[in-house]
Visitor: 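Quick one: the structure is below, questions incoming.
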Amino acid sequence: MLRLDWNPDGYTYPYVLKACGELRFLLCGESFHSLIVASGLDSNVFVCNGVIAMYGKCGLLGHARQVFDETVVRETADVISWNSIVAAYVQKDEDKKVLELFDLMVSLNSFELRPDAVSLVNVLPACGSLGAWKRGKQLQGYAIRRCLHEDVFVGNAIVDMYAKCKRLDDANKVFELMEVKDVVSWNALVTGYSQIGRFDEALGLFERMREEQIDLNVVTWSAVISGYAQRDLGYEALNIFKDMRLSGAEPNVITLVSVLSGYAKCKEMKIAQAMFDDIDRRDRNVVTWTVMIGGYAQHGDANDALELFSSMLKDQYSVIPNAYTISCALVACARLSSLRIGRQIHAYVLRQGYEPTIIFVANCLIDMYSKSGDVDAARLVFDNMSQRNTVSWTSLMTGYGMHGRGEEALQVFNVMRGEGLPIDGVTFLVVLYACSHSGMVDKGMNYFNHMKGDFGVVPGAEHYACMIDILGRAGRLDEAMKLIERMPMEPTSVVWVALLSACRVHKNVDLAEQAAAKLSELESENDGTYTLLSNIYANAKRWKDVARIRTLMKHSGIRKRPGCSWVQGKKETVTFFVGDRCHPMSEKIYDLLENLIHRIKAMGYVPETSFALHDVDDEEKGDLLIEHSEKLALAYGILTSAPGVPIRITKNLRVCGDCHTAMTYISKIIEHEIILRDSSRFHHIKNGSCSCRGFW
DNA sequence: CTAGGGTTAG
């Protein structure tokens, strides 16, 4: 119990209430409020204003509003009362309410209640976040009439309001006319330019700040660091961080988050992790965790992302994941095809009642379900969304495309067109890929030919690459080559890779060599290029060339990425590498495989030995087809799944042709559907046929 | 009372 042996009066309370508000000492504040009421001081407007501000700071909007309403009823409310209640709504991000209350104050048309500088500084940011620049402009006019614009806080708020409304030229004009500027004015403009993508101008201003010897503060540095990181310029971000350290400025958590995302973009997750470990546990908030989870999900091992997510949930400081965190975790699930964890996170989302208005969480769910092999679940998420954006539609179409359900993808596209949504280059890329994976050559060609005329979307090199892919898969290699020659821009490496893969499927050595030569010119050969070429030579029995490629790889230091497949078990995911014998069930796995191969040989299966040379630098292990990781994963799946349950396998590279054939035979004699995701698409293999129908 | 961090489709 609070015991006071002195009697505070109307001059005392505002001070103590202010302290309670700033320290968020809600219980103390409430006690004082009771004492105020008990001593009848609640008729004193100065005291009431203190109470309103205290409740506002502590987040008790209802209490603040009640006290405020009482002052209004008593007709004692002054500008400060109004400013205090508006500030309370500002704190809750109730932008519309902020504007409403401000209007109400103005409409009372009382000389005493004319908005002052503080009122403007409260209401301008709300205009900014609502994009209401016309309202902001009116306020600017009012500020000028009353000479409030000379107040540097008001000036800064106006600059920021225009910047948030993406009207950087207006913001700049106000900025240049400000007689007194401070570092906040500069920072508002720098971040404004950076956030709308005019990063060069942001950097120009940053340079000017350095020249004019403005005292850069931690906000300035953080803004520039994150600006670089957001544009995937991780190393530049890290350089600015070095400059910051040299300048003697002390980084804070926000700076470190920007720096962490810089390290993530450079795939330096070890350094990022060390830095994260160094951050005081109390400073690790949801954003700090999220940037690490997102870093692992996108630029590192997605398994680490999920582990970190799980340790975040268990952390003693109990940080609650928000929509960003959930998205990052779902990205990790999508990369791993982890349907089980993805479903758990979906359930968590539903339980926690993340508003369905957070479109991007739902978009991530669509992507996760599609990439985990359950595009029907993706559809359900899509159907249940109250609002959708372009990404929602394209994600669903991508899902149908990956699973070879091209017709459904095109249906979605038609509905999307009907909704009048903007159709851009990405949309067409998705449409074309859907056509490609379903072998819809003419439809794809038709869309490609009409995208410019009917939609005003000029085909880029990626669209050409996709058409090469469509024609190539269908074996129309001459047409593909002609299209390359007709390209209005230089063919990119993606184009040549598409042609090269088509040459593998359709066994065209000459064209393959041309494509490989082009890739070499562009200096973008990778292990995939060499593997493809080696397979093509092996298929043509040109063993000398196979050997030549092998030597070439050794000299250039390019190693084939090891093939690796993982299969979703009931409780956990099990990973297999080529020739893997680490698993305790290895003996059973190999026995089963030998048995299966023996049985399907009797059904007509002939091992395609050209694929045995997949692993050109891995002679010992890779030569045995039976040891390919996808076959091991399948055998494990059969051994551990109940009859009728689909076996879900994911492979980091494209599935090997022999494995694909073998699995198709095996699907006739097992009671499981095989759902196989490789780096290119999904294969649903059942009763001796595959959904890819040869288009891979 | 004004400025800064993390997220989704190819």
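A, B, ... follow the sequence lines: proteins, then strands. Residue 1 opens every chain.
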Visitor: Compare all side-chain heavy atoms of A/Ser311 with those of A/Trp289 and state whether any distance is below 4.5 angstrom.
Guide: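 Yes - at least one pair of side-chain heavy atoms lies under 4.5 Å apart.
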Visitor: Students often get this wrong, so: under 4.0 angstrom with heavy atoms, is A/Lys265 touching a base, only sugar-phosphate, or nothing?
Guide: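 Touches nothing.
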Visitor: Is the CZ atom of A/Phe455 crowded by more than 12 outside heavy atoms at less than 6.0 Å?
Guide: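 Buried by this count: over 12 neighbours within 6.0 Å.
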Visitor: With a cut-off of 6.0 Å (strictly less than), are more than 12 heavy atoms of other residues, nucleotides or ligands near NZ of A/Lys181?
Guide: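 Above 12, so yes.
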Visitor: Would you please indicate if the ring centroids of A/Trp186 and A/Phe175 are separated by under 6.0 Å?
Guide: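 A/Trp186 vs A/Phe175: aromatic centres under 6.0 Å.
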Visitor: Have a look at A/Asn322 and say if it touches a base, only the backbone sugar-phosphate, or nothing, with a 4.0 Å heavy-atom cut-off.
Guide: base
Visitor: Could you check whether A/Asp151 gets within reach of a base, just the sugar-phosphate, or nothing at all, counting any heavy atom under 4.0 Å?
Guide: nothing
Visitor: On DNA chain B, reading 5' to 3', which nucleotide is the first and which the last to sit with an atom under 4.0 Å from a heavy atom of chain A, could you check?
Guide: B/dC1 to B/dG10
Visitor: For A/Glu179, which residues count as a salt bridge (Lys or Arg N to Asp or Glu O under 4.0 Å) partner, sequence neighbours excluded?
Guide: none
Visitor: Which part of the nucleic acid, if any, lies within reach of A/Thr394 when heavy atoms closer than 4.0 Å are counted: base, sugar-phosphate only, or nothing?
Guide: base
Visitor: Any base atoms under 4.0 Å from A/Gln91, or only sugar-phosphate, or nothing? Heavy atoms, all strands.
Guide: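 Since no nucleic acid heavy atom lies under 4.0 Å of A/Gln91, the category is nothing.
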Visitor: Short of 4.0 Å, heavy atom to strand atom, which residues of residues 221-230 of chain A count as contacting DNA chain B?
Guide: A/Ser222, A/Ser226, A/Gln230
Visitor: With a 4.0 Å cut-off on heavy atoms, is A/Asn217 in touch with a base, just the backbone sugar-phosphate, or nothing at all?
Guide: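 A/Asn217: base contact, heavy atoms under 4.0 Å.
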Visitor: Applying salt bridge (charged side-chain N to carboxylate O under 4.0 Å, His left out), which residue pairs with at least one partner in residues 371-384 of chain A are found, sequence neighbours left out?
Guide: A/Arg343-A/Asp374, A/Asp367-A/Lys371, A/Asp376-A/Arg405, A/Arg379-A/Asp383
Visitor: Please classify the nucleic acid contact of A/Asn252 as base, sugar-phosphate, or nothing, using heavy-atom distances under 4.0 Å.
Guide: base
Visitor: Describe the nucleic acid contact of A/Lys371 in one word from base, sugar-phosphate, nothing, applying a heavy-atom distance below 4.0 Å.
Guide: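 Sugar-phosphate, backbone atoms only, no base.
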Visitor: For A/Val253, report the nucleic acid contact type (base, sugar-phosphate, nothing); a contact means any heavy atom under 4.0 Å.
Guide: base
Visitor: Under the criterion salt bridge (charged side-chain N to carboxylate O under 4.0 Å, His left out), I'd like the reasoning laid out for A/Arg208 against A/Glu176: C-alpha separation, chi angles, the key distance, then a yes or no.
Guide: CA-CA 13 Å; A/Arg208 237 177 93 196; A/Glu176 295 296 348; 3.4 Å; yes
Visitor: Which residues pass the salt bridge (Lys or Arg N to Asp or Glu O under 4.0 Å) test with A/Glu419, sequence neighbours left out?
Guide: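 Expected list: none.
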Visitor: What pairs with A/Arg231 under salt bridge (Lys or Arg N to Asp or Glu O under 4.0 Å), at least two apart in sequence or on another chain?
Guide: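 Result, salt bridge (Lys or Arg N to Asp or Glu O under 4.0 Å) vs A/Arg231: none returned.
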